[in-house]
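A short write-up of the structure that comes next.
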Amino acid sequence: MIAWLLSVRGLAVLLVVSLAANLFFGGMLVGRFTGQVTQDSQTRRSIQAMLAPLPDAKRELVRKEIGAAMPRVREQFAALQKARATLAAEMLKPVPDSAALERGFAAVQAHTMAIGAELQQAMVRALPALTLDERRALVQALARRQTGGALPLP
């Protein structure tokens, strides 16, 4: 067995296996970082699309309010990622614990709702500074972004 590993063929097989493992783990690491960046840029694109119809000064005002909420949003997002990982680990156990699954799903839901609440509060703080027409344009842009078509407004 040792002689085979020391042979040219054995070393070539070990090299290929090592290379494959390094590519796999490197891909996982890169995916972990780019996944977060993709999520962040996707959120940023949604916000930009929603704010596009507003005049520059009002767009900056809303961005400022959203920016003020972002540290708390990022904290909740990190907690959400941990809760998802914990839930996934529990789901992959040979015999999952029902109570742990319930706690895991509740944690994921709580962090998801907290993220939404932070962003909604930023909008609540910014909306009074917008005119009715600006708020209408914001709602229509948001509706197009979420459903693919504008909602009829009264």
Side-chain angles (χ1 to χ4, degrees), residues 15-154:
L15 179 64
V16 168
V17 169
S18 174
L19 182 62
N22 284 330
L23 287 173
F24 174 74
F25 290 117
M28 283 180 53
L29 184 62
V30 168
R32 186 86 163 140
F33 288 117
T34 59
Q36 180 115 7
V37 170
T38 301
Q39 174 67 27
D40 185 45
S41 63
Q42 187 176 20
T43 301
R44 184 169 288 140
R45 281 193 305 267
S46 292
I47 291 170
Q48 287 173 347
M50 180 182 69
L51 300 180
L54 297 179
D56 289 339
K58 298 291 180 87
R59 193 176 311 135
E60 277 308 308
L61 183 135
V62 176
R63 275 194 191 127
K64 183 179 175 183
E65 290 296 336
I66 292 172
M70 288 313 288
R72 292 181 302 279
V73 168
R74 286 186 192 100
E75 288 173 6
Q76 288 296 329
F77 186 73
L80 173 62
Q81 294 299 77
K82 288 179 185 174
R84 285 177 175 166
T86 301
L87 178 60
E90 185 62 39
M91 291 172 73
L92 294 175
K93 286 184 177 177
V95 180
D97 177 17
S98 295
L101 288 172
E102 285 184 30
R103 284 190 306 273
F105 279 114
V108 167
Q109 184 180 24
H111 293 300
T112 302
M113 289 175 57
I115 290 168
E118 289 293 342
L119 293 173
Q120 289 167 4
Q121 286 303 308
M123 292 303 295
V124 165
R125 291 188 303 269
L127 285 174
L130 302 179
T131 67
L132 177 60
D133 288 337
E134 290 167 342
R135 291 191 310 267
R136 184 181 310 274
L138 191 87
V139 168
Q140 288 176 335
L142 184 59
R144 276 191 298 274
R145 183 77 179 157
Q146 290 181 346
T147 62
L151 295 174
L153 294 175

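None of the values given here were measured: they were computed from a predicted structure.
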Problem set entry | Close side-chain approach of Leu138 and Leu127, heavy atoms under 4.5 Å | yes
Exercise. Taking the side chain as C-beta and beyond, is there a heavy-atom pair between Arg103 and Thr86 under 4.5 Å?
Worked result: no
Exercise. Between CZ of Arg59 and CG of Leu130, what distance do you get to the nearest 0.5 Å?
Worked result: 11.5 Å
For this session: Determine the sole option in Arg125, Arg74, Arg72 for which the salt bridge (charged side-chain N to carboxylate O under 4.0 Å, His left out) test with Glu118 is passed.
Result: Arg72
For this session: For residues Ala129 and Leu61, report the shortest heavy-atom separation together with the two atoms involved.
Result: CB-CD2, 3.8 Å
For this session: Identify the heavy atoms of Met50 and Ala141 that sit nearest to each other, and give their distance.
Result: O-CB, 3.6 Å
Exercise. With a 4.5 Å heavy-atom cut-off, do Thr112 and Gln109 have their side chains touching?
Worked result: no
Problem set entry | Spatial distance of atom CE (Met91) from atom CZ (Arg84) [nearest 0.5 Å] | 12.5 Å
Seminar exercise, completed: With sequence neighbours left out, the residues meeting side-chain hydrogen bond (donor to acceptor under 3.5 Å, both in side chains) with Glu75 are none
For this session: Using a 4.5 Å cut-off on heavy atoms from C-beta on, say whether the side chain of Pro96 contacts that of Glu90.
Result: yes
Exercise. Roughly how far apart are Ile115 CD1 and Met70 CE, rounded to 0.5 Å?
Worked result: 9.0 Å
Exercise. Do Met123 and Ile66 come within less than 4.5 Å of each other through their side chains, counting heavy atoms only?
Worked result: yes
Problem set entry | Residues that Arg63 engages under side-chain hydrogen bond (donor to acceptor under 3.5 Å, both in side chains), provided they are two or more places apart | Glu60
